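Since the model is a prediction, treat every value here as computed from it, not as a measurement.
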Amino acid sequence: MFPLRKLKVPMVSFVVLAIATTVGLQSSSGATTADVLLSRNALTITSSIEDSNFLGKYAVDGSTTTRWASAEGIDPQWIRVDLGQPSAVNRLKLNWEVAYAKSYRIEISDDGANFRTLKTITTGDGGIDDHTGLAANGRYVRVVGTQRGTPYGYSLWEMEIFGVSGSTGDTQAPTVPTNLTAGTVTSTTVALNWTASTDNVGVSGYDVFRNGVFVASVAENTFTDTALTPQTAYSYTVLAKDPNNNKSAQSAPLSVTTASGPTGVFVLAAAGDIADQCTASSSSCVHPKTARVVDFIKPVNVITMGDNQYDDAHYSDFTSYFNTSWGRFKSIMKPSVGNHETYSSPAYDGYHRYFGDIARPNGKRYYSWERGNWHFIALDSTEDSPGLVESAQHTWLKADLAANTKKCVAAYYHHPRYSSGSHGDNPKMATLWNILVDNNVDLVLNGHDHHYERFVAQDKYGNPNAAGTTQIIGGMGGTDNFYPVHAEHEATAKTITDTHGVLKLTMTDNSFTSQLIGLNNTVLDSSPTTTCH
């Protein structure tokens with residue numbers, strides 16, 4: 001139990017607050033009497049709580065003696081308020097306890113999953129923050145703390161949202177984008193540009209569609225589509241939207257055919273740490289949403305990097321949860337095992353019974369398979385707990401690599417050798433990692449830490465080395481608790497810690513590219529093309 005923190009707002013602030021409250025109501029929407037308090041006793045969801053005395057509901061209960069407090073010492077953290085119906089949101093007032101946010105975002109959403117940023121604050125100093133003139137529309141309002149102002153967590157006495165319940169606010173859509181044209185076209189990319197739209201409030205961005213399917217939201221009137229198939233015709237349209245999510249009609253379509261390119265192109269989907277004990281009947285359940293991303297990717301095979309099912313991975317858990325979402329890819333799945341699969345009794349029982357021969361084609365939990373000019377190796381990192389002692393798996397792995405005739409090689413398993421996440425670097429994986437690097441393996445995929453981290457090619461010691469092995473951590477397949485990232489490694493190219501996603505891997509006869517695809521099918525990160533050793 002931590003000692004009571006002293007509120008740092010001096011008495012004069014309450015005089016200023018009284019004035020600001022009146023001004024805020026007058027300036028928020030242009031109609032001085034229209035705005036009302038929308039958030040009192042609304043439903044809240046938070047990323048974490050310090051303990052049961054500091055629940056999210058206490059930030060909207062109208063009392064300045066109760067508060068929400070997040071877990072201490074962790075960035076980022078958030079609180080989400082459900083207004084109950086779409087509403088015009090014009091003003092947000094935050095009354096910070098001593099544990100304030102130095103940097104944070106104000107976001108709004110129509111569905112509670114896809115949020116739009118209304119405002120970003122990087123110079124917060126605690127006390128009262130009164131944000132007026134937001135002129136937004138949505139049902140869910142979220143404050144995301146990205147940098148703490150103290151060693152504590154984030155804590156709000158009150159979060160008050162003002163606006164008009166059930167109002168659509170601004171209803172005028174932007175003009176339709178025109179002159180959609182293609183710039184540079186390669187075998188796997190298409191660069192698009194168009195004439196910017198206009199709007200009475202302002203254009204907030206554009207949605208891009210490929211063959212009628214949404215692929216990305218962008219802020220500017222340019223977009224480059226990547227990881228496409230050579231010598232393939234694609235049709236593109238774009239629409240414009242404003243801060244209230246009014247959308248124009250789609251532009252006239254543009255047809256583009258990619259150039260000829262490498263042979264043997266195919267696409268895989270990959271993720272680790274997938275199914276919590278929930279189903280699509282719960283809006284907060286994530287693994288059905290990541291399964292829809294896999295549907296969008298349309299892979300020829302699906303790779304899993306362990307912890308397929310939480311928490312104890314009994315057979316009944318697999319059939320009740322994993323099978324309801326990712327189970328539809330079982331026939332094309334190439335799974336690997338994680339530590340949660342060891343928690344069933346006996347260990348691995350649920351994993352073995354659910355996947356059967358798919359997970360143990362040679363009677364072991366480690367195996368290899370091939371597609372195109374690629375050799376893939378699924379490994380059991382739970383068996384490597386001794387780590388530094390050569391095991392039967394290590395002996396098998398050396399023989400498997402020695403017998404390989406394919407130009408490109410990828411391996412995947414649960415526990416990463418190097419990680420900037422909560423679990424950190426794992427010396428027990430050193431022997432396994434060293435074997436892979438020594439044998440010029442091109443790509444290694446891992447889970448375990450619940451974040452995304454893409455590294456540049458590394459040597460055995462984690463140093464950047466173009467001749468080394470590329471490692472990607474994709475532990476964001478559905479379990480709904482993100483792990484924080486500490487100091488990034490020298491070889492870290494990109495980290496993402498606050499959203500779920502699925503890896504899209506585009507393989508050719510002599511190279512690969514990777515993308516992280518988010519829940520709304522947008523590209524969150526793209527790697528450069530890497531040529532096989």
Side-chain angles (χ1 to χ4, degrees), residues 45-52 55 70-71 74 77 270-291 294 302-330 333 335-356 358-360 365 378-385 412-416 419 421-424 426 428-429 445-452 473-484 497-502 519:
I45 297 178
T46 63
S47 55
S48 69
I49 56 172
E50 183 178 324
D51 61 47
S52 60
L55 301 176
S70 72
I74 300 174
Q77 296 290 318
D273 306 85
I274 297 170
D276 278 336
Q277 293 180 334
C278 60
T279 63
S281 61
S282 170
S283 61
S284 63
C285 191
V286 181
H287 62 91
K289 299 175 184 179
T290 54
V294 178
V302 175
I303 287 171
T304 72
M305 290 89 79
D307 282 4
N308 302 270
Q309 177 63 58
Y310 286 82
D311 280 328
D312 296 332
H314 297 296
Y315 177 67
S316 59
D317 295 328
F318 270 102
T319 57
S320 297
Y321 306 111
F322 183 91
N323 194 59
T324 65
S325 57
W326 284 62
R328 62 180 176 268
F329 313 115
K330 190 174 177 180
M333 192 169 286
S336 68
V337 69
N339 52 285
H340 274 267
E341 276 81 22
T342 70
Y343 299 162
S344 64
S345 182
Y348 308 107
D349 178 68
Y351 178 79
H352 291 166
R353 291 176 62 191
Y354 179 76
F355 285 114
I358 293 173
R360 293 192 297 170
R365 285 183 297 275
L379 295 167
D380 177 7
S381 59
T382 68
E383 189 169 296
D384 261 34
S385 56
Y412 56 98
Y413 50 95
H414 189 59
H415 300 86
S419 173
S422 290
H423 291 104
N426 191 338
K428 293 181 179 180
M429 295 298 109
L445 306 174
N446 303 116
H448 197 44
D449 268 338
H450 299 175
H451 73 285
Y452 168 82
I473 298 173
M476 308 164 75
T479 186
D480 199 20
N481 59 324
F482 298 118
Y483 291 172
T497 63
D498 58 355
T499 188
H500 295 90
V502 177
L519 295 185

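Pairs engaging residues 310-329 under the salt bridge (charged side-chain N to carboxylate O under 4.0 Å, His left out) rule: D295-R328 [sequence neighbours left out].
Taking S419 as the reference, D449 meet the side chain to side chain donor-acceptor pair (under 3.5 Å) condition, with sequence neighbours excluded. For N426, the side-chain contact (heavy atoms from CB on, under 4.5 Å) partners at least two apart in sequence or on another chain are H415, K428, M429. Qualifying side-chain contact (heavy atoms from CB on, under 4.5 Å) partners for A270, counting only residues two or more places apart in sequence or in other chains: I303, M305, L445, L503, L505. For H314, the ring-ring contact (aromatic ring centres under 6.0 Å, His included) test picks out no residue, with sequence neighbours left out. By the ring-ring contact (aromatic ring centres under 6.0 Å, His included) test, Y452 is found to be paired with no residue, residues two or more places apart in sequence or in another chain being considered. Under the ring-ring contact (aromatic ring centres under 6.0 Å, His included) criterion, Y343 pairs with H340, sequence neighbours left out. Every residue two or more places apart in sequence or in another chain that forms a side chain to side chain donor-acceptor pair (under 3.5 Å) with T279 is listed here: S281. By the ring-ring contact (aromatic ring centres under 6.0 Å, His included) test, H500 is found to be paired with F482, residues two or more places apart in sequence or in another chain being considered. In this structure N446 satisfies the side chain to side chain donor-acceptor pair (under 3.5 Å) test together with Q471, sequence neighbours excluded. Applying the side-chain contact (heavy atoms from CB on, under 4.5 Å) test to A275 and every residue at least two apart in sequence or in another chain returns H287, Q309, F322. Not counting sequence neighbours, the partners of T304 by the side chain to side chain donor-acceptor pair (under 3.5 Å) test are N308.
Side-chain contact between D307 and E341 is present, with at least one heavy-atom pair separated by less than 4.5 Å. In this structure, D273 and Y483 have side chains that are not in contact, with every pair of non-hydrogen atoms separated by 4.5 Å or more. Looking at I274 and T479, their side chains never come closer than 4.5 Å, going by heavy atoms from C-beta outward. Using a 4.5 Å heavy-atom cutoff, the side chains of S284 and C278 are not in contact.
For the residue pair Y354/N323, the side-chain donor-acceptor check at 3.5 Å is satisfied. Between the side chains of T382 and N339, not a single donor N or O lies within less than 3.5 Å of an accepting N or O.
Ring planes of W326 and F329: perpendicular class, angle over 60° (limits at 30 and 60°).
Side-chain atoms of T290 come within 3.5 Å of backbone atoms of G477 as a donor-acceptor pair (strictly under, hydrogens ignored).
F355 has its ring centre less than 6.0 Å from the ring centre of F318.
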